[in-house]
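Whatever order the structure lists them in is the order used to number ligands and atoms, beginning at 1. If you're wondering where the values come from, they're calculated on a predicted model, not measured in any experiment.
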Amino acid sequence: MLGLKLLTDPRWANIAQTNLEEILTDHAWCEQKAASNAISLITNNSEHEDLVHELTAIAIEEMQHFQMVIDIIKKRGYTLGRERKDDYVNQLMRFSKKDGSRNTAFIDRLLFAAMIEARSCERFRVLSQNIADEELAKFYYDLMVSEANHYTTFLNFARKYTLDVDVDKRWKEWLEFEGKLIQSYGKREHIHG
Ligand SMILES: [Fe+2]
Ligand SMILES: [Fe+2]
């Protein structure tokens with residue numbers, strides 16, 4: 001799925017559904033961080049008009065996802081907790097290239113975003129197929145489709161704007177790295193946990 005090297009064990013969904021308040025809180029902040037990431041890509045690469053246009057739409061969509069999650073939290077009588085740390089995303093950030101040319105860092109930032117969208121999409125699929133809660137199963141199915149589109153957008157911009165990066169080669173390195181990294185996860189009620 002989306003080139004991912006390792007699919008999530010569906011039993012992770014059982015862990016997730018034992019604590020819906022926690023997974024929803026973590027999920028809400030994932031959406032907020034996705035919006036922030038799109039905004040910072042816009043801020044740092046504003047010379048690309050089409051990127052500004054499409055990432056503005058993504059930033060808005062991610063905040064709409066945030067709103068949908070906090071609406072569910074409220075409707076169920078839960079409380080949105082403080083932002084949760086995302087160790088998985090921090091590890092990906094460490095893998096991304098910050099040295100080299102400005103373009104190299106830009107392309108890797110797009111691949112970083114594509115990677116998170118791909119795994120989030122896969123985790124949403126696992127939730128949609130395995131949790132008993134019908135409302136949430138449908139909700140996660142819809143989000144899975146949306147995040148798959150974001151994945152494609154980020155990857156396409158990396159291919160479009162590369163100057164000195166072999167994007168297909170670098171994307172393979174990302175998939176290899178992530179495939180090993182994700183082996184340590186799948187044990188917590190967090191979207192990337
Ligand atoms: Fe989203
Ligand atoms: Fe997304």
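For E22 and R84, the salt-bridge test passes: some basic side-chain N is under 4.0 Å from an acidic carboxylate O. Under a 4.0 Å N-O distance rule, the pair E135/K75 qualifies as a salt bridge. Note on R119 versus E178: salt bridge recorded, some NZ/NE/NH1/NH2 to OD/OE distance being below 4.0 Å.
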List the steps and the verdict of salt bridge (Lys or Arg N to Asp or Glu O under 4.0 Å) for D166 and R159.
CA-CA 9 Å; D166 180 341; R159 293 201 169 105; over 6 Å; no
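Excluding waters, the count of protein N/O/S atoms less than 2.8 Å from the Fe ion (ligand 2) comes to 5.
Checked against a 6.0 Å centroid threshold, the rings of W12 and Y185 do not count as neighbours.
Looking at F106 and N44, their side chains never come closer than 4.5 Å, going by heavy atoms from C-beta outward.
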